[in-house]
Protein chains: 2
Amino acid sequence: MDDRRKSQLNKILVLFYFAYRTFTDKPDQILAKHHLQRVHHRILFFVGHFPGLTVNQLLAMLEVSKQALHKPLKQLVELGFIHNTPAERDRRSRLLTLTDTGEALEKELSDAQRVFLDQIFTEAGIGTEEAWVQIMAALSQKRPAVGFLKDLQ
Amino acid sequence: MDDRRKSQLNKILVLFYFAYRTFTDKPDQILAKHHLQRVHHRILFFVGHFPGLTVNQLLAMLEVSKQALHKPLKQLVELGFIHNTPAERDRRSRLLTLTDTGEALEKELSDAQRVFLDQIFTEAGIGTEEAWVQIMAALSQKRPAVGFLKDLQ
DNA sequence: TGTGTTAAGTCAATAACATTGACATAAAGC
DNA sequence: GCTTTATGTCAATGTTATTGACTTAACACA
């Protein structure tokens, strides 16, 4: 790798860092008003996006320990944002779904990101979004948890 | 925004999340071997990328408090990874630079990311990298700290 | 039916980390 | 000299993550 390429890649590393910060900024601000943290948004997002997710699947997706998930998940259930119902086929596992207010909160949080990204993709040229998705999908494929996303979606 | 577009943007939110995890994965593993955390990598990366950065500039860039930066930065200085020398023009401010071993550690950490991203961009088609950079630059422009990057670079 | 396994929930101890407020020192600006 | 700025530090507090252990309920299956 020559110096010119390395310099370009360094620029890319900086961009990735700052872009992700922007990405998480607005939801973080909204969460703060509700006295919640980013982990709550992640839970709401994945439960909203993959309704009927089990606790174990959520753990695998977030790549956190059961103990680390326990508190924020319990809070969301107690606050009435998430339903936790036993699965019919295997009553040991619990299916997670959003309540109506959970849906509303998730929408409030993720809409900020969706609108923001939509605007940036619209302002960029044709094909830019596809290219961006291609790169990010390649990076995401390295995640073990991504394997079973297709089973749920 | 119609349902189809919303669904596509949801997919994009998932990709962003998982892609960023992949991005931070390898350095995190290397850091763990050195008993360091992600914040140490950020410090090393920005000091390496913008040598002569002052403490205040680093604070603005990382968007953390002075107290939060204090401990990890002090550790890096004590471990001999970072030099901290008074600026000539204003001897109150301290210029941060990497030592030789600091350079080596930064290289070890960031090389993992550079090689990884280089590979993915190479495998993608022509113009894909440019498109990706365009989007991430648009997102990064929203950061207040990015404004003075040009002054340093 | 009994045994082992799995999913989930919880508790407790400890360590790590962030946050806030306060204060000190040295240098600069004027 | 007085004020401001840049940095460094401490302490108290609160929060979060980590590890290990344990319990309950449900399932699988010989």
Side-chain angles (χ1 to χ4, degrees), chain A residues 21 24-25 28-29 31-43 46-47 50 52-79 81-97 145 148 151-152, chain B residues 21 24-25 28-29 31-43 46-47 50 52-79 81-97 145 148 151-152:
Chain A
R21 288 203 67 129
T24 54
D25 235 17
D28 281 353
Q29 287 168 19
L31 286 159
K33 289 191 293 186
H34 293 266
H35 305 287
L36 298 173
Q37 285 84 41
R38 202 178 292 176
V39 62
H40 296 103
H41 183 197
R42 286 180 184 153
I43 295 170
F46 282 111
V47 172
F50 305 105
L53 202 68
T54 67
V55 173
N56 261 352
Q57 287 172 327
L58 182 58
L59 289 174
M61 215 171 267
L62 297 176
E63 294 171 57
V64 296
S65 68
K66 188 172 53 165
Q67 295 91 328
L69 180 66
H70 175 251
K71 193 178 169 186
L73 180 58
K74 191 180 178 188
Q75 288 172 326
L76 290 174
V77 171
E78 286 175 351
L79 288 167
F81 293 125
I82 285 186
H83 274 311
N84 191 337
T85 52
E88 287 185 19
R89 43 172 199 94
D90 181 348
R91 296 177 53 78
R92 286 173 304 180
S93 50
R94 307 303 209 85
L95 305 187
L96 303 173
T97 50
F148 70 87
D151 303 338
L152 294 159
Chain B
R21 290 203 66 129
T24 55
D25 236 17
D28 281 354
Q29 287 168 19
L31 286 159
K33 289 192 294 186
H34 293 267
H35 304 287
L36 298 174
Q37 285 84 40
R38 200 177 293 176
V39 62
H40 296 104
H41 182 197
R42 284 179 186 155
I43 295 169
F46 282 111
V47 172
F50 305 105
L53 201 68
T54 68
V55 173
N56 260 352
Q57 287 172 326
L58 182 58
L59 289 175
M61 216 171 268
L62 297 176
E63 294 172 56
V64 296
S65 69
K66 186 173 56 165
Q67 294 92 328
L69 180 66
H70 174 250
K71 193 178 170 185
L73 179 57
K74 191 182 179 186
Q75 288 171 327
L76 289 174
V77 170
E78 285 174 353
L79 289 167
F81 293 125
I82 284 186
H83 274 313
N84 191 336
T85 53
E88 287 184 18
R89 43 173 197 93
D90 180 348
R91 296 178 52 79
R92 285 173 305 179
S93 50
R94 306 304 210 83
L95 304 187
L96 303 173
T97 49
F148 69 88
D151 304 338
L152 294 158

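Keep in mind that the numbers below use all heavy atoms, side chains included, and drop hydrogens, waters and symmetry copies. Order of the sequence lines sets the chain letters (A, B, ...), proteins ahead of strands, with each chain counted from 1.
Distance B/Arg94 CZ to C/dA27 C1': 11 Å, rounded to the nearest Å. Atom C1' of nucleotide C/dA8 and atom CG of A/Leu58 are separated by 13 Å, given to the nearest angstrom.
Every residue meeting the side-chain contact (heavy atoms from CB on, under 4.5 Å) condition with A/His83, not counting sequence neighbours, appears here in chain and number order: A/Thr97, A/Thr99. Partners of B/Ser65 according to the side-chain contact (heavy atoms from CB on, under 4.5 Å) rule, which considers only residues two or more places apart in sequence or in another chain, are B/Gln67, B/Ala68. The side-chain contact (heavy atoms from CB on, under 4.5 Å) check on A/Gln29 picks up A/Asp25, with sequence neighbours excluded. Take B/Arg42 and apply the side-chain hydrogen bond (donor to acceptor under 3.5 Å, both in side chains) test, not counting sequence neighbours, and it matches no residue. Partners of A/Arg38 under the salt bridge (Lys or Arg N to Asp or Glu O under 4.0 Å) rule, at least two apart in sequence or in another chain, are A/Asp28. Checked against side-chain contact (heavy atoms from CB on, under 4.5 Å), B/Lys71 has the following partners two or more places apart in sequence or in another chain: B/Gln75. Applying the side-chain hydrogen bond (donor to acceptor under 3.5 Å, both in side chains) test to B/Arg92 and every residue at least two apart in sequence or in another chain returns B/Asp90.
Among the heavy atoms of the strands lying under 4.0 Å from A/Lys66 is at least one base atom, whether or not backbone atoms are also near.
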Provide a list of protein-nucleic acid N or O atom pairs under 3.5 angstrom, restricted to nucleotides 28-30 of chain C.
unit_1	atom_1	unit_2	atom_2	d
C/dA28	OP1	B/Arg91	N	3.0

So which protein nitrogen or oxygen atoms get under 3.5 Å of nucleotides 14-20 of chain C's nitrogens or oxygens?
unit_1	atom_1	unit_2	atom_2	d
C/dC17	OP1	B/Gln37	OE1	2.8
C/dC17	OP1	B/Gln37	NE2	3.2

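Think of the region where chain A sits on DNA chain D: with heavy atoms and a 4.0 Å cut, that region ends 5' and 3' at D/dT16 to D/dC27.
Rounded to 10 degrees, the angle separating the terminal helix axes of the helix from C/dT1-D/dA30 to C/dC30-D/dG1, each built from five base pairs, is 30°.
At least one side-chain nitrogen or oxygen of A/His70 sits closer than 4.0 Å to the OP1 or OP2 atom of C/dT10.
Across B/Thr85, B/Leu76, B/Ile82, B/Val77, a single residue satisfies side chain to side chain contact (heavy atoms under 4.5 Å, CB included) together with B/Leu96, and that is B/Ile82.
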